[in-house]
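Below is one structure, written out as structure tokens, with a few remarks after it.
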Amino acid sequence: MEKQQEQNIYEEKPTTPYNFVPLNDVVLHPPLYEYVKGYTDNKDIQKGYKEFLLSDKKYSGYCEVDIENITPLYIAGEDKKFFSDGKNLCIPGSSLRGCLKNIFKIITNGAMRVDKENPDITDKILYFRNLAGETVDPTKKLYSDRFTYDKTYKDKDGNLKTKKVSRAKAGFLVHEGKQYYICRAEMKPENDDKRKVNPKAPRIEWNNEGADISTGYMNNKKHYYRIKSPVWKDKYIIPGDVLNSYRDDKNRKGLNLLKVKNYKKGTDREQFLKGAEKFDYIVPCFYVEENGIVSHFGAGLYYRIPYRESIGDHVPRALKEEQIDFADAIFGNKECWSSRIFVEDCYLDNDKSVLEKENYAKILMGPNPTSFQFYLNTDEYKNPQHWDSEADIRGYKFYWHKKMNWQGKENRNKKLNNLIAPVKANNHFKGKIRFENLDAIELGAFMYLFGIAEEKDICYKLGMGKSIGLGSIKLTGKFYFRDDTYYKKLFATDKKGFAKCLIEVDKQKFIDEFKSYIKNKLSAKSFALYNQRIKDLKTILSTKYMMSTNSKKWNNITQYMKIKDMEIIKNRTPLPTIQEVIKGLK
């Protein structure tokens, strides 16, 4: 009965090892903001920063960090061995810094930038194709409207009918100097050779007339395309952003037109190449152009086309505007001031052999934002929204904690999985995080990272293999201030050696001051949203679900979907929220 109930709860719900902490509605400005706001010149900003450092009391010192890996931990170093300084295993400061900064952005209502210099999120253009998807899939109509038109024709009985046909034209993609172009050509469907109609893989075959191009096997495919009669003088330029987005399309399974092995040069002997001598790379293609500029291109008549909106376009404007947030204030602003947080490497506190036996890891799946039903918010009726809609991204991506076997099988494609030897669970790494000249509010915000981490059942995630249960860490820290006589006594000695001149600090006092600052700065509506986001953050950071007696069920509802779940994927069923996942578990 229990198994049947579990199946019913999730038979129409997608499952993933990750979920999203929602975005904030506004950026919380740190005290530093009042000293630099309104300035655009870097010198003025730096002057305001110096004034801030000289104002009020500032605190310097360090935090003694202890990291216990609750599940096996793997951070890649040289030759894919666990990271080390050449002698001792350690967690690199850069990895810990990245982990902390990501959570810090959430607890301080940070900005989310999409600029190229210091992006918080990628701003790439995604591609899609939908010829025969489910009617509930919003991209089906989008693809049809954008890439096809109604063509009128007569059937065998002379009746007028219409059908959807591609807007793409045939041509040859060419390279000259440092620029790619497409030259227009003619297209002729061919169906007299079954071997060419349905080859096992996409391919291009050359002849004196031009090129035969087939996109590979497909049910009911009855012809391939012969592209011929190029007009080499008619060149349509391919802009750099169109080329870059084409290169970034990681989900393309067919021919990559920019890396065809059997390409032609204009100096080759085929008759159709006369007049193309200046081109050093030539391949057949299909394309759409507007006013002599290529909008997009592909290897088949119905190829994948780009969305018009980028991922970054789905970040709310309020979070993208140029402004200083808490992360800028203490982790550094590249152009105007350096970081006041210095994360050192954390070394393994164990002399014994602590590595698990080397084995192949389960295949790690990369981000797949083409699954828009997972990465974008739904509309008010819970309908999925595609990347050309006005929906916002769902938020910050986190992986659920879970205990499972990370070991997999060897795969022919070495890029998909590797031999690794993680550090066994329940080992400790120790190190320091130094801080310089933080004011009380900034320090309280930074200490709140540890305040959350030290709560019962809360763990952060670090390293690789998060989706297969690796990298759950328990983080604790003791904070010490340098007293006012630090530099005077720096070289004084006591019975233990150099005088430390350090005072251990109670974190809670500063954390409370930061929380009070948040409440005073945010509106009632924004403060309520902030508290809900912190609740979601703590929920997805909680280990109590993986530690429960129902951990097997937990692993099932936090795994990637399998072939049997294809119907859910086809229907574009949106990903449940963090709280909906927990509600379903209960």
Side-chain angles (χ1 to χ4, degrees), residues 10 12-27 101-114 119-126 128 136-139 142 250-251 307 309-320 365-401 461 466-467 525-526 528-542 557-561 565 568-569 571-585:
Y10 280 93
E12 296 182 356
K13 299 285 186 181
T15 63
T16 59
Y18 59 83
N19 212 293
F20 298 88
V21 175
L23 295 175
N24 39 303
D25 59 339
V26 295
V27 172
K101 187 177 179 181
N102 189 45
I103 298 173
F104 188 77
K105 298 278 281 189
I106 295 174
I107 66 175
T108 58
N109 264 23
M112 182 171 277
R113 297 186 179 84
V114 295
D120 294 309
I121 186 173
T122 180
D123 197 26
K124 68 190 297 186
I125 297 283
L126 300 174
F128 74 104
V136 295
D137 189 333
T139 60
L142 183 67
K250 306 303 182 185
N251 292 85
Y307 288 102
E309 302 290 323
S310 69
I311 292 177
D313 289 330
H314 294 269
V315 175
R317 185 183 299 274
L319 305 187
K320 292 190 292 186
M365 307 294 288
N368 185 22
T370 55
S371 298
F372 51 80
Q373 70 273 26
F374 296 168
Y375 284 80
L376 288 172
N377 287 324
T378 61
D379 66 11
E380 58 182 319
Y381 303 107
K382 300 294 184 182
N383 294 317
Q385 304 295 291
H386 56 65
W387 287 103
D388 274 347
S389 71
E390 295 182 356
D392 292 336
I393 58 171
R394 294 189 66 160
Y396 292 85
K397 187 177 182 179
F398 282 84
Y399 286 87
W400 296 103
H401 295 293
K461 279 274 195 178
K466 298 180 181 71
S467 63
K525 180 181 177 181
S526 293
L529 176 62
Y530 174 84
N531 287 330
Q532 180 58 51
R533 293 174 64 246
I534 296 300
K535 178 182 177 182
D536 285 338
L537 175 65
K538 290 181 179 181
T539 300
I540 202 166
L541 293 177
S542 176
I557 65 174
T558 56
Q559 65 178 345
Y560 284 112
M561 287 185 287
D565 303 312
I568 298 174
I569 299 173
N571 289 334
R572 295 290 191 176
T573 307
L575 185 70
T577 65
I578 289 174
Q579 299 305 325
E580 286 172 344
V581 170
I582 300 305
K583 184 179 179 181
L585 179 67

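Nearest heavy atom pair, residue K397 against residue Y375, reads NZ-OH, 2.8 Å. Closest of all the heavy-atom pairs between T15 and I557 is CB-O, 3.7 Å. Between L319 and G110, the shortest heavy-atom distance links the atoms CD2-O, 4.3 Å. In this structure, K382 and E580 approach most closely via the heavy-atom pair NZ-OE2, 4.3 Å. A pairwise comparison of heavy atoms in P316 and D392 identifies CG-OD2, 3.6 Å as the closest pair. Minimum heavy-atom separation, T539 to I578: CG2-CG2, 3.6 Å.
Within the model, atoms CD1 of I121 and NZ of K320 stand 9.5 Å from one another, a figure rounded to the nearest 0.5 Å. In this structure, the separation between CG on L142 and OG on S389 is 9.5 Å, given to the nearest 0.5 Å. Atom CG in D137 sits 12.0 Å away from atom CD1 in I569 (nearest 0.5 Å). Taking OG1 of T139 as the start and CD of Q373 as the end, the distance is 9.5 Å to the nearest 0.5 Å. The OH atom of Y396 sits 6.0 Å away from the CG atom of D120 when rounded to the nearest 0.5 Å. The CD atom of Q559 sits 11.5 Å away from atom OG of S467, with the distance rounded to the nearest 0.5 Å.
Counting heavy atoms of neighbouring residues, nucleotides and ligands inside a 6.0 Å radius, atom CD of E390 does not exceed 12 of them.
By the 4.5 Å heavy-atom criterion applied to side chains, I534 and K538 are counted as neighbours. Using a 4.5 Å heavy-atom cutoff, the side chains of R533 and N109 are in contact. Two residues are said to be in side-chain contact when any heavy atoms from C-beta on lie closer than 4.5 Å; P384 and F372 meet this criterion. Counting heavy atoms from C-beta on, the side chains of L376 and W387 come closer than 4.5 Å. Contact of the L529 side chain with the N24 side chain is not registered, since no non-hydrogen atoms from C-beta on lie closer than 4.5 Å. Side-chain contact between K105 and M112: absent, with no pair of heavy atoms (C-beta onward) separated by less than 4.5 Å. Contact annotation: the side chain of I107 approaches that of Y530 to within less than 4.5 Å [non-hydrogen atoms, C-beta and beyond]. With contacts defined as side-chain heavy-atom distances shorter than 4.5 Å, the pair I540/W400 qualifies.
Checking side-chain atoms of H401 against main-chain N and O of L541 turns up a donor-acceptor pair under 3.5 Å. Listed for the D313 side chain is a donor-acceptor partner under 3.5 Å among the backbone atoms of S310. Not a single donor-acceptor pair under 3.5 Å links the side chain of K466 to the backbone N or O of Y399. Put simply, the side chain of H314 never gets that close to the backbone of I393: no donor and acceptor are under 3.5 Å apart.
The aromatic rings of Y307 and H386 sit parallel, their planes meeting at an angle under 30°, below the 60° perpendicular limit.
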Legend entry - Candidate pair Q385 and N377, rule side chain to side chain donor-acceptor pair (under 3.5 Å), full reasoning: CA-CA 7 Å; Q385 304 295 291; N377 287 324; over 6 Å; no

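Centroid-to-centroid, the aromatic rings of F374 and F20 stay 6.0 Å apart or farther.
Counting only N and O atoms by type, the side chains of T573 and N571 include no donor and acceptor under 3.5 Å apart.
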